[in-house]
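These notes concern the structure reproduced below.
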There are 2 protein chains.
Amino acid sequence: MSAKDIELTGVKEIARRANVSIGTVDRVIHDRKGVSQNTKDKVNAIIKELDYQPNILARRLASKKQVVFAVLIPKISEETNYWEAPLLGIDQAGAEISPYGITLQKYLYDVNDKNSFLEQIKRIDLSLIQGVLLAPSFIEESEHFVKKLEIRKIPYVFINSDIQGHDSLSYFGPDLYQSGYLSAHLMKYLLKKQDEILVVNISQEIDNQHHLLRKEQGFRNYFADKKLENTILKIDIKQTDYTYISNSLEKVLKNHNIAAIFVTNSRVSTVAKYLAMTGDQRRILIGFDYTEENLSFLKKGDIDFLICQKPREQGYKGLMALYQFVVHSKSGEKNNFMPIDIITSENCDFYLN
Amino acid sequence: MSAKDIELTGVKEIARRANVSIGTVDRVIHDRKGVSQNTKDKVNAIIKELDYQPNILARRLASKKQVVFAVLIPKISEETNYWEAPLLGIDQAGAEISPYGITLQKYLYDVNDKNSFLEQIKRIDLSLIQGVLLAPSFIEESEHFVKKLEIRKIPYVFINSDIQGHDSLSYFGPDLYQSGYLSAHLMKYLLKKQDEILVVNISQEIDNQHHLLRKEQGFRNYFADKKLENTILKIDIKQTDYTYISNSLEKVLKNHNIAAIFVTNSRVSTVAKYLAMTGDQRRILIGFDYTEENLSFLKKGDIDFLICQKPREQGYKGLMALYQFVVHSKSGEKNNFMPIDIITSENCDFYLN
DNA sequence: CTGAAAGCGCTTACAG
DNA sequence: CTGAAAGCGCTTACAG
């Protein structure tokens with residue numbers, strides 16, 4: 001065996017076998033133009049034969065290429081720190097992939113203000129961006145935006161809520177229907193046959209109603225599927241200040257004998273507050289999200305169960321999916337529904353969202 | 001500004017500023033001998049001033065060093081596929097860090113056979129190993145083994161269960177007491193004041209009893225803490241075949257009016273099978289672990305709740321902790337308790353363990 | 001105790 | 001259409 005026969009690694013070995021330079025091998029690997037079909041075939045055959053896997057470390061080291069992702073999600077509001085968690089996940093993923101030349105640009109909008117959403121979109125310079133991670137809180141406006149992305153062939157990933165019928169790379173978020181269904185399942189354990197139930201939707205934004213209605217639907221369908229005969233009442237509360245909410249609650253609770261309450265979003269803390277203040281502890285209360293406010297009521301026993309959907313993980317996995325696709329051309333599942341976690345006063349300290 | 005003043009990056013810039021060669025900089029960074037205190041101080045000062053962060057990609061590319069970790073966990077048995085999950089997590093972590101030169105050696109033992117544990121330990125050549133990830137199922141034997149590791153200064157991480165009083169790098173696994181406590185909390189919702197409860201421990205191995213007793217203790221203490229007055233009965237079943245178990249169950253259930261059953265491990269499926277066969281569906285049943293068997297009973301409604309502790313994540317995070325410590329000298333928390341997940345027939349399909 | 005050189009497996013101009 | 005060379009930020013012998 002002469003020295004020439006020694007097995008090299010990677011592009012060098014491919015080049016040696018194909019009798020071309022490593023520059024040419026590189027061109028073939030990246031499908032760059034300027035290679036004759038003949039040598040292209042030859043090189044590709046060898047790549048296949050060797051089952052060549054590029055060394056990603058060397059690739060990154062040698063390449064000066066930078067990749068920029070835009071992140072478009074709500075900012076943390078005074079009302080709720082919910083969006084802290086997705087951001088945490090995004091930053092974590094960002095730190096992990098930054099050695100590979102990925103930079104993040106964050107555009108945080110006010111979830112209660114459609115205009116701030118539009119303003120943030122305006123600030124994004126699409127010519128500098130290789131991918132977008134977004135929470136499409138405002139449906140129409142989001143649709144308009146992603147159409148522009150599609151024209152420029154910029155891939156994007158939805159988190160937290162989905163918009164159907166678009167060419168998103170993927171979705172990471174809850175299966176809303178099923179989380180309502182689960183809530184009903186939990187509630188069933190705690191009810192007697194004749195107990196009355198109250199469903200409470202609290203939201204200023206009509207846009208978000210889709211969200212809530214889907215959960216309500218799941219909740220109701222459970223009772224229908226299981227042929228349970230409990231009466232289900234419902235109120236929609238379209239103001240989010242405490243006075244308004246407590247007045248609304250007072251009215252229903254006075255006139256009905258409600259044994260359990262299901263709040264379709266994180267505002268469950270307001271309902272808990274009302275019940276706590278009126279000394280009303282008999283009622284079962286189930287709601288959503290691992291926010292500070294909710295946690296304190298959970299621990300005091302005013303909230304029985306919280307349903308959570310791994311907000312941190314939505315951000316983390318969403319960004320990772322974008323990275324995998326843009327940098328490694330790998331695409332995973334389109335729909336990625338988060339686990340539906342049940343949080344109680346006894347396991348909440350162990351929850352890592 | 002002359003050409004000499006141009007800012008370089010990394011070791012080159014440090015070398016330039018310190019007026020030494022990059023070889024010397026490398027020696028200082030890795031604290032290798034053969035550098036005068038004087039230049040060492042000079043270089044270190046500059047490293048600090050620049051807040052130098054080594055490029056880990058370049059480091060790995062240049063270094064031929066290989067790191068080997070031994071993994072010592074139970075193999076999947078016919079009785080339960082529980083250990084499939086931790087192994088999955090370990091393999092996932094292994095794949096992620098293999099570009100950085102990490103290799104795994106797996107040593108799988110039979111959890112029902114102490115000798116197979118000892119045999120696997122014998123197969124490990126400690127002189128070739130830079131770290132160990134282990135599930136210390138057999139306490140005494142594990143203690144003996146980790147003492148040997150400590151003498152050789154080989155770091156190790158426990159998963160699934162912990163042994164106190166040793167110098168492990170960290171532990172990833174359940175807080176057993178708290179998971180029993182949570183089970184009681186769930187059960188409380190489903191009980192009436194006068195209902196009787198049955199605790200069932202099923203296990204051949206005395207060694208595992210610590211495990212189970214800790215959960216039982218948490219379970220009992222919940223009822224004590226909350227001053228609940230339900231009677232709690234208990235049986236220890238020391239054979240794991242179905243006939244034996246069903247006979248044992250039959251005896252208690254016949255003589256008592258049991259409303260709810262708490263099984264302290266994954267054998268809950270056997271109890272479910274018995275209840276299903278006898279057409280006994282009124283009783284609440286809570287147990288542990290996301291195994292195939294358990295899942296099928298959960299979906300059919302024979303099991304009400306399963307408590308799970310992210311077995312995949314235990315393996316994943318345990319190996320990652322070892323990697324962070326050995327390769328990057330970073331150590332995290334010593335005790336890492338997994339989330340205590342509540343699985344029902346409605347959220348089980350979304351569970352990612 | 002210190003330095004100069006080669007090399008890890010790629011990419012990137014540049015030259016032809 | 002193709003090749004030869006330089007370089008990414010490190011580590012590793014080797015020489016002195």
Side-chain angles (χ1 to χ4, degrees), chain A residues 3-4 6-44 46-47 50-67 98-102 326-329, chain B residues 3-4 6-44 46-47 50-67 98-102 326-329:
Chain A
K4 270 200 78 172
I6 288 172
E7 177 115 354
L8 304 166
T9 35
V11 284
K12 279 187 194 164
E13 176 62 16
I14 299 170
R16 191 183 66 86
R17 294 201 186 198
N19 237 316
V20 296
S21 73
I22 58 168
T24 297
V25 172
D26 191 63
R27 287 182 191 98
V28 174
I29 288 173
H30 293 94
D31 209 15
R32 285 191 265 269
K33 58 188 62 172
V35 186
S36 75
Q37 190 61 45
N38 198 19
T39 60
K40 202 189 260 183
D41 290 346
K42 195 166 52 176
V43 170
N44 272 326
I46 293 167
I47 286 176
L50 292 175
D51 186 27
Y52 166 70
Q53 301 295 348
N55 182 323
I56 183 172
L57 304 185
R59 177 176 286 181
R60 173 57 205 154
L61 190 62
S63 172
K64 309 270 75 183
K65 217 177 267 163
Q66 288 286 333
V67 173
S98 83
Y100 298 97
I102 281 85
V326 173
V327 179
H328 303 301
S329 309
Chain B
K4 269 200 82 176
I6 289 172
E7 177 115 354
L8 303 167
T9 34
V11 285
K12 280 186 195 164
E13 177 61 15
I14 298 170
R16 189 183 67 88
R17 295 199 185 200
N19 238 315
V20 297
S21 73
I22 57 167
T24 297
V25 172
D26 191 65
R27 286 181 192 101
V28 174
I29 289 173
H30 292 93
D31 209 14
R32 283 191 265 269
K33 56 189 65 174
V35 187
S36 76
Q37 190 61 45
N38 196 20
T39 60
K40 202 189 257 185
D41 290 345
K42 194 166 54 171
V43 169
N44 271 327
I46 294 168
I47 286 178
L50 291 175
D51 187 26
Y52 166 69
Q53 302 294 349
N55 183 322
I56 182 173
L57 305 185
R59 178 176 284 181
R60 174 58 206 153
L61 190 61
S63 172
K64 309 269 74 181
K65 216 178 269 164
Q66 287 285 335
V67 173
S98 83
Y100 298 97
I102 282 83
V326 173
V327 178
H328 302 302
S329 310

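All chains are named by letter (A, B, ...) in the order of the sequence lines, taking the proteins before the strands, and each is independently numbered beginning at 1. Computation of the quantities below employed the complete heavy-atom set of this structure, encompassing side-chain atoms and omitting hydrogens, waters and symmetry-equivalent molecules.
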Exercise. Please check the phosphate of dT2(D) (OP1 and OP2 only) for any side-chain N or O of T39(A) closer than 4.0 Å.
Key: yes
Quiz item: Reading DNA chain D 5' to 3', how would its secondary structure be written in dot-bracket notation, given Watson-Crick and G-U pairs with both distances under 3.5 Å, brackets [ ] for crossing pairs and | for partners on other strands?
Solution: |||.||||||||.|||
Quiz prompt | Separation of atom NZ in K33(A) from atom P in dT2(D), rounded to whole Å | solution = 16 Å
Quiz item: So, do I29(B) and R59(B) sit near enough that their side-chain heavy atoms are less than 4.5 Å apart?
Solution: yes
Exercise. Ignoring backbone atoms, test whether T24(B) places a side-chain nitrogen or oxygen under 4.0 Å from the OP1 or OP2 oxygen of dG3(C).
Key: yes
Quiz item: Does V11(A) reach the side chain of Y52(A), with side-chain heavy atoms less than 4.5 Å apart?
Solution: yes
Quiz prompt | Nearest-Å distance for atom pair CG/P, residues D41(B) and dC1(C) | solution = 13 Å
Exercise. Can you measure from CZ (R27(A)) to CZ (R32(A)) and round to the nearest 0.5 angstrom?
Key: 8.0 Å
Sort me out a list of protein N/O and nucleotides 13-16 of chain D N/O pairs below 3.5 Å, or just none if empty.
none

Self-check item: Partner residues of S21(B) under the side-chain contact (heavy atoms from CB on, under 4.5 Å) criterion, sequence neighbours left out
Solution: T24(B)
Quiz item: If you look at every heavy atom in E13(B) and L50(B), which pair is closest and at what distance?
Solution: CG-CD1, 4.1 Å
Self-check item: Residues which pass side-chain contact (heavy atoms from CB on, under 4.5 Å) with N44(B), listed by chain and number, not counting sequence neighbours
Solution: V28(B), K40(B), I47(B)
Quiz prompt | By side-chain contact (heavy atoms from CB on, under 4.5 Å) - contacts of L57(B) (at least two apart) | solution = L57(A), R60(A), Y100(A), N55(B), Y100(B)
Quiz item: Between atom CG of D51(B) and atom CD1 of I46(B), what is the distance when rounded to the nearest 0.5 Å?
Solution: 14.0 Å
Quiz item: Starting at CZ of R16(A) and ending at C1' of dT2(D), how long is that distance when rounded to a whole Å?
Solution: 20 Å
Just the atom pairs and distances: protein N or O near nucleotides 6-10 of chain D's N or O, under 3.5 Å.
unit_1  : atom_1 : unit_2 : atom_2 : d
dC8(D)  : OP2    : K12(B) : NZ     : 3.1
dC8(D)  : O2     : L61(A) : O      : 3.4
dC8(D)  : O2     : A62(A) : N      : 3.2
dG9(D)  : OP1    : T9(B)  : OG1    : 3.1
dG9(D)  : OP2    : T9(B)  : OG1    : 3.1
dG9(D)  : N2     : A58(B) : O      : 3.3
dC10(D) : OP1    : Y52(B) : OH     : 2.9
dC10(D) : OP1    : N55(B) : N      : 3.2
dC10(D) : OP2    : V11(B) : N      : 3.0
dC10(D) : O5'    : Y52(B) : OH     : 3.1

Quiz item: Within this structure, what is the CZ-to-P distance between R60(A) and dT12(C), rounded to whole angstrom?
Solution: 10 Å
Quiz item: Can you tell me how far the CG atom of L61(A) sits from the CD1 atom of I56(A), to the nearest 0.5 Å?
Solution: 12.0 Å
